[in-house]
J.: 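Have a look at this one before I ask anything.
Counting starts at 1 for both ligands and their atoms, in listed order. Values below: all heavy atoms of this structure, side chains included; hydrogens, waters and symmetry mates excluded.
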Amino acid sequence: MICYGDEAHITNIAVDPMLQGHGIAQRLLHDQLLVAKEMGGRAVSLEVRVTNWRAQRVYARFGFHPVGIRRNYYAELHEDALIMWTDDIRDAAYRRRLDAIVASLPDGIRPA
Ligand SMILES: CC(C)(COP(=O)(O)OP(=O)(O)OC[C@H]1O[C@@H](n2cnc3c(N)ncnc32)[C@H](O)[C@@H]1OP(=O)(O)O)[C@@H](O)C(=O)NCCC(=O)NCCS
């Protein structure tokens with residue numbers, strides 16, 4: 001993640017295929033979003049392949065919503081990127097969203 005001013009940008013997130021589907025990406029995103037807020041972030045953006053439904057579902061859970069398309073962003077794959085942004089991560093409502101996500105994570109993944 002890169003933080004600049006009141007904006008942050010998630011550059012990459014990946015979980016070992018053997019360990020996917022256990023909430024690890026959600027834990028990672030949760031922690032990154034708290035860091036973004038601590039660093040003065042107001043909103044967070046990312047790009048994701050338009051066909052990467054799995055990642056998009058996870059991002060949607062965190063309030064990322066599509067705002068546009070970058071044509072041929074993944075040039076080697078001839079694939080477009082969906083640009084996604086959160087609303088204001090400093091809002092109490094956003095904090096409640098994060099709390100609800102972590103509460104649903106399994107033991108061992110959920111923060112202590
Ligand atoms: C996208 C990616 C990061 C998700 O990682 P992950 O750790 O599997 O994600 P999570 O486990 O937090 O959530 C994925 C799904 O598992 C489900 N899940 C989480 N914990 C679970 C549990 N204990 N039992 C059953 N399902 C669970 C989540 O509800 C979610 O379901 P959904 O697919 O219906 O949304 C991972 O698939 C990946 O690394 N992909 C390749 C790289 C990539 O595409 N990165 C994104 C680039 S922008």
Side-chain angles (χ1 to χ4, degrees):
M1 183 174 68
I2 302 169
C3 295
Y4 37 92
D6 62 359
E7 293 178 7
H9 185 74
I10 306 255
T11 53
N12 204 1
I13 181 164
V15 174
D16 186 326
M18 298 289 287
L19 297 169
Q20 290 177 6
H22 296 288
I24 294 173
Q26 291 170 82
R27 170 65 195 276
L28 290 171
L29 268 171
H30 168 266
D31 291 7
Q32 289 292 288
L33 286 155
L34 290 188
V35 170
K37 197 169 99 170
E38 272 169 26
M39 294 184 74
R42 176 186 50 81
V44 183
S45 63
L46 54 80
E47 281 106 9
V48 57
R49 279 187 295 123
V50 289
T51 57
N52 194 349
W53 299 109
R54 181 149 206 209
Q56 287 173 37
R57 265 205 309 275
V58 173
Y59 298 146
R61 199 164 295 148
F62 282 81
F64 285 88
H65 48 84
V67 297
I69 297 277
R70 282 195 214 288
R71 295 279 172 219
N72 210 28
Y73 184 73
Y74 303 98
E76 70 285 3
L77 301 170
H78 305 292
E79 204 171 335
D80 300 338
L82 190 64
I83 305 162
M84 302 183 88
W85 276 92
T86 60
D87 290 328
D88 196 330
I89 62 172
R90 301 167 306 182
D91 284 351
Y94 196 79
R95 180 68 233 197
R96 285 196 294 276
R97 179 194 281 269
L98 289 187
D99 289 346
I101 292 170
V102 286
S104 73
L105 294 178
D107 290 347
I109 305 295
R110 195 172 51 243

J.: Which distance, rounded to the nearest 0.5 Å, do you find between the CG of Leu105 and the CZ of Arg27?
T.: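 Separation between the atoms: 8.0 Å.
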
J.: Flag the pair Tyr94 / Leu33 as yes when at least one side-chain heavy-atom distance between them is below 4.5 Å, and no otherwise.
T.: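 Heavy-atom side-chain distance check passes, below 4.5 Å.
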
J.: What I want to find out is whether Arg95 reaches Asp91 closely enough, with some N-O distance under 4.0 Å, to be called a salt bridge.
T.: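 Salt bridge: no.
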
J.: If we ignore angles and hydrogens, is there a donor and acceptor under 3.5 Å between the side chains of Thr51 and Glu79?
T.: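 Yes.
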
J.: Should you measure from each heavy atom of Glu47, which atoms of ligand 1 turn up under 4.0 Å away?
T.: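 So the answer, numbered in order with elements, is 48 (S).
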
J.: Taking only non-hydrogen atoms of Arg27, do any sit less than 4.0 angstrom from ligand 1?
T.: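 The answer is no: ligand 1 sits nowhere under 4.0 Å from a heavy atom of Arg27.
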
J.: Any idea which protein heavy atom is nearest atom 22 (C) of ligand 1, and the distance to it?
T.: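 It is Gly21 O, 3.5 Å.
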
J.: Among all protein heavy atoms in this structure, tell me which lies nearest to atom 32 (P) of ligand 1, with the distance rounded to 0.1 Å.
T.: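 Nearest protein contact, heavy atoms only, for atom 32 (P) of ligand 1 is Arg57 NE, 3.3 Å.
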
J.: For atom 19 (C) of ligand 1, what is the closest protein heavy atom, and at what distance to 0.1 Å?
T.: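 Closest protein heavy atom to atom 19 (C) of ligand 1: Gly23 N, 3.3 Å.
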
J.: May I ask you to identify the nearest protein heavy atom to atom 40 (N) of ligand 1, giving residue, atom name and distance to one decimal place in Å?
T.: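 That would be Gln20 NE2, 3.7 Å.
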
J.: How far apart are the C-alpha atoms of Arg70 and Glu47, what are their side-chain angles, what is the distance that settles it, and do they pass the side chain to side chain contact (heavy atoms under 4.5 Å, CB included) test?
T.: CA-CA 8 Å; Arg70 282 195 214 288; Glu47 281 106 9; 2.9 Å; yes

J.: When you measure from atom 31 (O) of ligand 1 to every protein heavy atom, which one gives the shortest distance, and what is it?
T.: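 Closest protein heavy atom to atom 31 (O) of ligand 1: Arg61 NH2, 3.9 Å.
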
J.: With a 4.5 Å heavy-atom cut-off, do Glu7 and Arg42 have their side chains touching?
T.: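 The answer is yes; the side chains approach within 4.5 Å.
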
J.: Just let me know how Gln26 lines up against ligand 1, side chain, backbone, both or neither, with a heavy-atom cut-off below 4.0 Å.
T.: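 Contact part for Gln26 vs ligand 1: both backbone and side chain.
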
J.: For ligand 1, indicate whether the residue Tyr59 contacts it via side chain, backbone, both or neither (heavy-atom separation under 4.0 Å).
T.: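 Just the side chain.
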
J.: Taking the side chain as C-beta and beyond, is there a heavy-atom pair between Tyr59 and Thr86 under 4.5 Å?
T.: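 Tyr59 does not reach Thr86 side chain to side chain.
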
J.: Give me the nearest non-hydrogen protein atom to atom 14 (C) of ligand 1 as residue plus atom name, then the distance to 0.1 Å.
T.: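 Result: Arg54 NH2, 3.6 Å.
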
J.: Could you measure the distance from the OG1 atom of Thr11 to the CE atom of Met1? Nearest 0.5 Å is fine.
T.: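 One gets 9.0 Å once the value is rounded to the nearest 0.5 Å.
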
J.: Is it true that Asp80 and Arg71 have a side-chain N and a carboxylate O under 4.0 angstrom from each other?
T.: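 Here Asp80 pairs with Arg71 in a salt bridge, since their nearest N and O are under 4.0 Å apart.
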
J.: Heavy-atom contacts under 4.0 Å between Pro106 and ligand 1: side chain, backbone, both, or neither?
T.: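 Pro106 to ligand 1: side-chain contact only, backbone stays beyond 4.0 Å.
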
J.: Taking only heavy atoms of Val58 into account, list the atoms of ligand 1 that are under 4.0 Å away from them.
T.: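 With Val58 as reference, the close atoms of ligand 1 come out as 13 (O), 14 (C).
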
J.: Tell me if a side-chain donor or acceptor on Arg97 pairs with a main-chain N or O of Arg61 at a distance below 3.5 Å.
T.: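 Judged by distance alone, yes, a pair lies under 3.5 Å.
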
J.: Quick check: does Ala55 get an N/O under 3.5 Å from an N/O on ligand 1?
T.: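 In fact, backbone or side chain, Ala55 has no N or O that close.
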
J.: For atom 39 (O) of ligand 1, which protein heavy atom lies nearest, and how many Å away is it?
T.: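 Nearest neighbour among protein heavy atoms for atom 39 (O) of ligand 1, to 0.1 Å: Val15 N, 2.7 Å.
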
J.: Just so I know, are the side chains of Lys37 and Val35 near enough to count as touching, which here means a heavy-atom distance under 4.5 Å?
T.: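 The answer is no, as the side chains (C-beta and beyond) never meet within the 4.5 Å cut-off.
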
J.: List the closest protein heavy-atom neighbour of atom 7 (O) of ligand 1: residue, atom name, distance to the nearest 0.1 Å.
T.: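 In this structure, atom 7 (O) of ligand 1 has Ala25 N, 3.0 Å as its nearest protein heavy atom.
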
J.: Does any N or O atom in Ala14 lie less than 3.5 angstrom from one in ligand 1, N or O only?
T.: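 Between Ala14 and ligand 1 (N or O atoms, distance only) the closest approach is not under 3.5 Å.
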
J.: Can you tell which part of Asn52 has a heavy atom less than 4.0 Å from ligand 1: side chain, backbone, both or neither?
T.: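 The side chain, only.
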
